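These notes are about the structure you will find just below.
Whatever order the structure lists ligands and atoms in, that order sets their numbers, starting from 1. None of the values given here were measured: they were computed from a predicted structure. Because only heavy atoms are used, hydrogens play no part in the values below, and waters and symmetry mates are left out as well, while side chains stay in.
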Amino acid sequence: MVKSPEEEHPQKAFGWAARDPSGTLSPFHFSRRENGDEDVTVKILYCGVCHSDLHSVKNEWGITRYPIVPGHEIVGIVIQLGNNVKKFKRGDRVGVGVLVGSCKTCETCQQDLENYCPSMIFTYNSTSQDGTRTYGGYSDIVVVDQRYVLRIPDNMPLDAGAPLLCAGITVYSPMKYYGMTEPGKHLGVAGLGGLGHVAVKLGKAFGLKVTVISTSPNKEDEAINKLGADCFLLSTNPEKVQAALGTMDYIIDTVSAIHSLGPLLAMLKLNGKLITVGLPDKPLELPIFPLVMGRKLIGGSDIGGIKETQEMLDFCAKHNITADIELIQMDYINTAMKRLSKSDVKYRFVIDVANSLSQ
Ligand code: NAP
Ligand code: ZN
């Protein structure tokens with residue numbers, strides 16, 4: 001007989017789940033597996049609210065299985081360790097991002113690119129090795145194989161550091177891989193949300209000139225004066241777009257909804273690179289002319305491997321980079337999701353899980 005989420009494992013767990021495509025989240029009792037030899041059990045303190053959580057609870061990608069407990073920007077404290085765990089001890093400050101498992105043996109895993117392993121296990125809405133569902137960080141505890149657990153640097157605040165586990169690595173990894181780090185080059189960041197605002201900060205740390213390409217005029221002042229961008233381009237203003245054509249070396253596109261790639265491609269210089277990380281629910285059109293007429297490149301990227309995620313956290317700690325967050329209580333999550341759907345967050349909601357998840 002199939003066991004209920006509450007009975008399938010020995011450790012009791014509690015979180016908030018969506019039960020249907022309305023995406024409305026509400027309290028949910030479930031369970032976590034026993035801490036195995038390779039496992040670390042983490043008491044969750046904070047969890048960021050990624051737009052992927054919103055796509056998922058509403059089943060916008062068509063792959064959601066309910067009930068779903070979202071959350072893959074998890075930080076907390078180690079409370080239990082398996083016999084083979086040597087790199088962590090009780091009380092350590094740790095993070096868990098988008099992936100909690102992979103085959104460990106394929107070519108991509110061996111190159112520390114577990115994020116591209118065909119058997120990658122996502123932190124939520126995925127199937128664990130034991131056949132049970134994975135549940136994410138809008139919950140009190142999580143049990144994770146040590147290989148997928150990150151160390152949060154000592155000087156990094158846990159709440160504002162949490163979004164780096166997804167938003168941070170998702171923009172850091174392509175910037176490194178596609179060579180978008182040459183000081184003095186011009187980076188455009190399309191979409192100033194969770195991913196975009198971290199991309200601005202990373203771009204500045206790499207020594208780039210950074211232009212924010214945004215649909216929200218109310219973000220201009222902060223983009224320049226708080227986040228450190230050099231320029232702000234309102235993408236709904238045709239004159240501004242016209243003036244920016246052919247000026248950028250790279251663009252990272254973090255937009256979460258259907259949008260036109262034509263203007264972005266046209267903003268690139270010869271040999272420019274447009275790297276897309278946003279995951280709209282429908283395919284985008286590819287305008288061939290601006291791509292071909294300037295030997296431009298379009299690429300994609302999916303989060304990053306565990307080794308690179310640690311490298312990114314250490315880089316951010318060194319450069320004092322964290323997310324700008326709105327710290328919320330668990331029972332604000334449905335309002336937060338509504339605001340996120342309207343791009344109304346500066347710039348990442350983070351749930352104060354340990355202080356607000358009361359049963
Ligand atoms: P977010 O905080 O909601 O930011 C997305 C931004 O896109 C918004 O703030 C808004 O910026 C812009 N935008 C929204 N709707 C738009 C529209 N119709 N036209 C133009 N611009 C629009 O989301 P996020 O958490 O940063 O995530 C962004 C996307 O990346 C999501 O699709 C998410 O699923 C995906 N993602 C991908 C990966 C990966 O590994 N590839 C990892 C994490 C997330 P402005 O207000 O500045 O216009
Ligand atoms: Zn995410």
Side-chain angles (χ1 to χ4, degrees), residues 47-58 60-61 63-64 70-74 95-99 113-116 120 122-125 136-138 162-175 177 188-200 211-223 227 229 232-237 241 251-264 275-282 284 299-305 308-309 312 323-326 336-350:
C47 186
V49 179
C50 178
H51 204 112
S52 300
D53 301 349
L54 178 57
H55 289 305
S56 300
V57 295
K58 289 185 170 287
E60 289 175 354
W61 296 326
I63 52 168
T64 301
H72 57 209
E73 293 181 342
I74 301 169
V96 179
V98 179
L99 67 144
L113 293 169
E114 307 89 343
N115 50 316
Y116 297 112
M120 199 247 272
F122 289 98
T123 304
Y124 62 80
N125 196 40
Y138 297 9
L164 299 175
L165 273 318
C166 173
I169 185 60
T170 298
V171 292
Y172 180 90
S173 183
M175 288 172 84
Y177 176 75
V189 176
L192 193 63
L195 271 54
H197 92 291
V198 180
V200 171
T211 294
V212 169
I213 306 163
S214 172
T215 60
S216 303
N218 67 337
K219 294 180 182 171
E220 175 162 8
D221 181 47
E222 278 192 9
L227 302 176
F232 184 91
L233 173 61
L234 190 61
S235 54
T236 51
N237 180 331
V241 172
I251 294 176
I252 185 151
D253 181 354
T254 73
V255 173
S256 54
I258 299 286
H259 59 291
S260 171
L261 296 180
L264 297 179
I275 307 306
T276 56
V277 290
L279 292 165
D281 57 356
K282 299 213 171 53
L284 302 181
S301 189
D302 185 31
I303 46 168
E308 193 176 38
T309 305
M312 176 277 309
D324 285 32
I325 63 165
E326 292 190 41
M337 287 291 193
K338 276 198 196 86
R339 287 184 50 198
L340 184 59
S341 71
K342 295 183 203 141
S343 309
D344 173 23
V345 51
K346 287 180 172 172
Y347 286 87
R348 193 58 128 197
F349 290 114
V350 171

**Study point:** His72/Phe122 aromatic ring centres below 6.0 Å
**Key:** no
Point to revise | Closest heavy-atom pair and its distance - Cys47, Gly71 | key: SG-CA, 3.6 Å
Review point. Who pairs with His55 by ring pair (Phe, Tyr, Trp, His ring centres under 6.0 Å), at least two apart in sequence or on another chain?
Key: His51, Trp61
**Study point:** From Ile303 atom CD1 to Glu114 atom CD, the distance as rounded to the nearest 0.5 Å
**Key:** 9.5 Å
Practice item. Identify, with sequence neighbours excluded, every residue that meets side chain to side chain contact (heavy atoms under 4.5 Å, CB included) alongside Ser343. Key: Lys219
Revision key, fill the gap. Between Ala167 and Gly194 the two heavy atoms that sit nearest each other are CB-O, 3.8 Å
Point to revise | Contact residues of ligand 1 (heavy atom under 4.0 Å), by chain and number | key: Cys50, His51, Ser52, His55, Trp61, Cys166, Thr170, Gly191, Leu192, Gly193, Gly194, Leu195, Ser214, Thr215, Ser216, Lys219, Thr254, Val255, Ser256, Ala257, Val277, Gly278, Leu279, Ser301, Asp302, Ile303, Leu340, Ser343, Arg348
Point to revise | Every N, O or S from the protein that is nearer than 2.8 Å to the Zn ion (ligand 2) | key: Cys50 SG, His72 NE2, Cys166 SG
Practice item. With rounding to the nearest 0.5 Å, note down the distance linking CG in Asn115 to CE in Met120. Key: 6.0 Å
Review point. Are Tyr347 and Glu326 close enough that a side-chain donor and a side-chain acceptor fall under 3.5 Å?
Key: no
Check your understanding: Between CD of Glu73 and SG of Cys50, what distance do you get to the nearest 0.5 Å?
Key -> 5.5 Å
